[in-house]
Every structure is written in structure tokens, then in C-alpha cells.
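As the structure lists them, so they are numbered: ligands from 1, and atoms in each ligand from 1. Here the structure is a predicted model, which is why all the values come from computation and not from measurement.
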Amino acid sequence: MNSLTNVEKSFLMESIRDVPDFPKPGILFKDITTLLNNPEAYSLLMGHLEARYGEYDLDYIAGIESRGFIFGAALAAKLGIGFVPVRKKGKLPSATIAEKYALEYGFDEVEIHIDAFGGKEGAKVLLIDDLIATGGTAAAAAKLIKDAGAECVEACFVINLAFLGGTRKLADITPHYSVLEVE
Ligand code: AMP
């Protein structure tokens, strides 16, 4: 299994910009646009993901709106498999299934197309997003993959805000992997 050295992880971490108080006071936003426009960092990350997931015999990659699309669609093209968008409610044009999840105040909802996995029962799917914080979005997306008749073989994140404990929400739903951990 391909793994990154600590030097490579530090390089990736330093390529991500910290933006304090965005989108609201008290949040330290991990801005991956600075990783994306650093070609060495972006290709190091994508090469690592390609080497790791090339061994998984995947059928599809599902990316969470919107930054999960960037990593997920690029990885799907590298692996020669299909990409499935997991979107916020009301964005997908054909028949969907939806999953609600709790936010700090209120609820949000994610959707996928009901036929996203081509009717292939048990299709092996990797779920990907840029970051896991409280884990609500990823848990809802992994449930959707199962509800659509596929298997979520792993949920992958570029960054895990480990101090928020979000991966606990995935414990009974899917295995998970994070490239970078913020303790
Ligand atoms: P959660 O459902 O709490 O795990 O939130 C995960 C989603 O919110 C991901 O799609 C992230 O892109 C976004 N997100 C949450 N917190 C941050 C943060 N501190 N920096 C960047 N993105 C974040």
C-alpha cells in the first residue's frame, strides 16, 4: 500500500491555506484552493490516491459537493471508472434519493440519482470529500450509496479535523481514510 512520508504530508499540509473566521467567526477554514494551484502538491496528492485506490477494484467514485467533485472526478478519470456527484438538495435533474442530516442549527440534505450506480447491485464505491469536520455530511452520503444498492468500500478525506471526532459517525457505516490529520 502506497503511503506518504511525513515530509510529504507536511508539504501537503503547508500547501493548504488556513482562513480564520470563515464562513463565520470562530471557524478556521481549510482552503484547498492553494493546494489545487500548486502543481507539485496537487499531483503528489492525486498520485498517492491513485496508487492507494488502484488496488481497490472500484466501480465508481462518489464525490461530495462541491470540493469532493474536484478530487473525486480527477481520481475517477485516473482510475478509468465512473464519477457520481452527491449534491445538495434540489440540484440533480433526474429521479433522486435523499438523506437528511443534522447541522448545529437545523438540517441539511444530500441527494444522488437513483440510477447513479448503473443498476449494478453491490457496485464498489469510494466516497470522497476534501474534509471531514463533524462527519454528518459524509455519514449521510455513505448511507445514500447503500440506499442506492451499492457498497461504500471506504470514505476518503484529504483532511480530517480529528479534534471534532467526525469519523465516529462513520463507525457503523463505512471504513475511512484521511490523508492528513489535524489533531
Ligand atoms: P461536516 O458534515 O461537519 O463533516 O462538514 C464537512 C463539509 O463541510 C465538507 O464538505 C467540508 O468541505 C466543509 N467544511 C466543514 N468545516 C470546514 C473547515 N473548517 N474548512 C473547510 N471546509 C469545511
Handout entry: For ligand 1, the portion of L161 having any non-hydrogen atom under 4.0 Å away
Key = side chain

Exercise for the section: Please list all pairs passing the side-chain hydrogen bond (donor to acceptor under 3.5 Å, both in side chains) test where one or both residues lie in residues 81-93, with sequence neighbours left out. Expected result: E65-R87

Problem - Side chain K169, main chain T134, donor-acceptor under 3.5 Å - result: yes

Practice task
Could you tell me if any non-hydrogen atom of G166 lies under 4.0 Å from any atom of ligand 1?
Solution key: no

Practice task
Spell out, as yes or no, whether a donor-acceptor pair under 3.5 Å connects the side chain of E8 to the backbone of T5.
Solution key: yes

Donor-acceptor pairs under 3.5 Å, side chain of residues 31-44 to any protein atom, not counting sequence neighbours: which ones?
unit_1: D31; atom_1: OD1; unit_2: T33; atom_2: N; d: 3.0
unit_1: D31; atom_1: OD1; unit_2: T33; atom_2: OG1; d: 2.8
unit_1: D31; atom_1: OD2; unit_2: R17; atom_2: NE; d: 2.8
unit_1: D31; atom_1: OD2; unit_2: R17; atom_2: NH2; d: 2.8
unit_1: D31; atom_1: OD2; unit_2: T33; atom_2: OG1; d: 3.1
unit_1: T34; atom_1: OG1; unit_2: S15; atom_2: O; d: 2.7
unit_1: T34; atom_1: OG1; unit_2: R17; atom_2: N; d: 3.0
unit_1: T34; atom_1: OG1; unit_2: D31; atom_2: O; d: 3.1
unit_1: N38; atom_1: OD1; unit_2: E40; atom_2: N; d: 3.2
unit_1: N38; atom_1: OD1; unit_2: A41; atom_2: N; d: 3.2
unit_1: S43; atom_1: OG; unit_2: P39; atom_2: O; d: 3.1

Handout entry: Contacting atoms of ligand 1, where contact means under 4.0 angstrom from a heavy atom of D129
Key = 9 (C), 10 (O)

Problem - Least distance between heavy atoms, G68 atom then F83 atom - result: O-CE1, 4.3 Å

Problem - Geometric N/O contact K30 with ligand 1, under 3.5 angstrom - result: yes

Fill in the blank from the handout: ligand 1 to R67, heavy atom cutoff 4.0 Å, flagged ligand atoms 11 (C), 12 (O), 13 (C), 22 (N)

Practice task
Answer yes if the side chains of E154 and Y56 hold a donor-acceptor pair under 3.5 Å, and no otherwise.
Solution key: yes

Practice task
Write out the residue and atom name of the closest protein heavy atom to atom 17 (C) of ligand 1, then the distance separating them to 0.1 Å.
Solution key: L131 CD2, 3.5 Å

Problem - Minimum heavy-atom distance A138-L170, with the two atoms named - result: C-CD2, 3.9 Å

Handout entry: Expected output: side-chain K124 to main-chain A150 donor-acceptor under 3.5 Å
Key = no

Exercise for the section: For atom 19 (N) of ligand 1, find the nearest protein heavy atom and state the residue, atom name and distance (0.1 Å precision). Expected result: L28 O, 3.0 Å

Problem - Per-residue contact class, T134 against ligand 1 - non-hydrogen pairs under 4.0 Å - result: both

Exercise for the section: Check whether any protein heavy atom sits under 4.0 Å from atom 8 (O) of ligand 1. Expected result: no

Exercise for the section: Determine, using heavy atoms of D130 and all atoms of ligand 1, whether some pair is separated by less than 4.0 Å. Expected result: yes

Fill in the blank from the handout: Short version for T137: what comes under 4.0 Å of ligand 1, heavy atoms counted, is both

Completion exercise
Nearest non-hydrogen protein atom to atom 21 (C) of ligand 1, with distance, is F29 CE1, 3.3 Å

Practice task
Return yes or no for this condition: an N or O of A133 is under 3.5 Å from an N or O of ligand 1.
Solution key: yes

Problem - Geometric N/O contact G135 with ligand 1, under 3.5 angstrom - result: yes

Practice task
For H113 and T96, indicate whether the former's side chain and the latter's backbone hold a donor-acceptor pair under 3.5 Å.
Solution key: no

